[in-house]
Amino acid sequence: MPDHADTPRTSRRHFLRCTAGTAAVTASLSFAPGRALAAVQGTNSRWAVTSDPALWQQAWARRFTNVLPNPLAAAGLYKPTVGASDYTIGAGQATADVLGVPGITTTIWGYANQETGPTFPGRTLQASKGVPITVHWVNRLVNASGQALPHLLPVDQTMTIQTPTTGVPLAVHHHGSNSAAEFDGGPDQWATPLRRQTGPGINGNAVQVGTAEAITYVYDNNQEASLHWYHDHAESLTGVNVQAGLAGLYVVRDANEKALQTGWKIPAAKHEVALVLQDRTFDAQGQFVYSANPANSPTPLPGNFPANSPSHMPEVFGDVILVNGKAWPSLSVEPRPYRFRILNGSDSRFFTLKNSAPTWVPMHVIGNDLGFLNNPVAVGAAGLTIAPGERYDVVIDFSWALLVGLKVDLLNSAPTPFPLGGPPSAGTATVMRFNVGLLANLLVPKSLMSTLHTLRGSNGTPVLAASAGDTAATPVRRILLGEGTDEYGRINPMLGVYDPTGAKNLGTQGFNDPATETPKLGSTEVWEFWNTTVDAHPVHLHLVKFRIKNRQAFTGTIQSTAMRNGWTGVQLQPGATLSGAAVAPAATERGWKDTVLCPPGQVTRIVMAFDRPGKFVYHCHILSHEDHDMMRWYQVA
Ligand SMILES: [Cu+2]
């Protein structure tokens, strides 16, 4: 193992005591058909756990020489294709300078509109609250002759949807969106190149005459100012599709944010910068590679595992840190406050961020996934942890950086896997550098440096209540997070049901098992996530915005269960005991959220209202978990 790499996980562990023996699941299950071998072809040679050591050293030696692009600058935004609100955006293959090593380019999958070839990350969609936009998403993963391209990365033939025979299916999900179910871009809403085939989730509303190759979605944007993102979400392929490059930002603006900017309470314009944090691994030619070698599987695979087939891994960690598609970049900043809109767009890596001069360069959180906090909250000595899929809105004040020198590094201390794995290596502990220069304008209002601002309470943005919004009468659902094994003995994290009465204690369920969570349209519910695994899982619900109520430790016993297809699952036995007091969420996570970090051995409680009908998914945003098989449907009716 080269010293630049983090240590991958090689065994599974439960947080709770697991009893011996296997119990059949007591409640009724319907058995979904097993997945046959897939027709989606990948590039099987591109598997590796670590980057080519020589190329990694070249990239590391050039750290902080790549210039950070700003996805929120004018050049980073899509312009409408027609009129003011109609966009056509295609996914395609291109090359990009990711590493900054002379002579090396990386083949990427990215998004493009009429002005540019595909970029990684895709450019940013900017919308205004209450003003809908229409996007025609086109899968253009074809060569010059119109033939479908193979996947850039190895595709595990044992777990991929088998239906498509005309190329790699793509499904564009707008993460953070409150939009109609037919425009959600869920795992079954896919299309193969040039829309030759579509998944079962595509219905007539997503088709528009005149754009026969596109899937057309309308986003209402009836949401507060917040940073969302769009990324691929095709069933079982989300990890490889996003790893190939298919992700970009989506920013919603509103009057409250505008007033805060013009009132000199938050930085604006070129002093507002988005940071998309991702990790990647590269071969000697600078191409993306992926953890997919059966020899790296945590348990020996049986003889009937398909020969020469890549194997899905429990997590995927890269050893090169990218920000906005550039390896270990740097940004020249003035000695003044900046607003950073941070997305963790990695497959499995958590980031715990602080900077190398925390005393002189304070960081404050001003917002969460889906809107502003009531007031800025200082980031403490432990740093700010951002799980995959989460966004944090952060102000970093470089006003006094001249006292400590001109270079401030953004550092990462999050273990892999989080939170009980090993520490990051020197390479993955380093994110990027800020080079502090001179003030461009000596008239920076002092109010920008204040941390006493009220960020909500006017312009249609109500103050957040201290309570998460539930009452004693609010219905409670108990979601189980458990780790089993698939038919080949591979780690298989899953969602499921915990019923302390034992009546419907289903245990872990697969993605294709029938929905068990069916909230009423307009209802408010508490969902509890009982995490029996040793990992933290960032659980994301499509459609809704929620508040975190609290977290509480528990003890209990889990028992193995026999599942369909020879899978082994787990069941949390009735009688699990809460221990200690319920702990309120950190002050930095008390805003509107769509993704919540669920620590091991704890119940994490969230509160939300279900305001649109239809079928949506909830899933772990560790993409390797989501694909296998930590995702389920819920139905609002
Ligand atoms: Cu997970």
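Heads up: numbering here begins at 1 and tracks the sequence. Atoms within each ligand, like the ligands themselves, are counted from 1 in listed order.
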- Task: Could you give me the CA-CA distance, side-chain angles and deciding distance for Arg391 and Asp594, then say whether salt bridge (charged side-chain N to carboxylate O under 4.0 Å, His left out) is met?
- Result: CA-CA 9 Å; Arg391 287 88 66 208; Asp594 59 39; 2.7 Å; yes
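Ring planes of Trp137 and Tyr230: tilted class, angle from 30 to 60°. Ring geometry for His228 versus His174: interplanar angle of 30 to 60°, hence tilted.
For Phe350, the ring pair (Phe, Tyr, Trp, His ring centres under 6.0 Å) test picks out Phe418, with sequence neighbours left out.
A cation-pi contact links Arg280 to Phe288, judged by a cut-off of 6.0 Å to the six-membered ring centre and 45° from its axis.
Annotation: protein N, O or S atoms under 2.8 Å of the Cu ion (ligand 1) (waters excluded) comprise His537 ND1, Cys620 SG, His625 ND1.
Taking the centre of each ring, Tyr219 and Tyr250 come in below the 6.0 Å mark.
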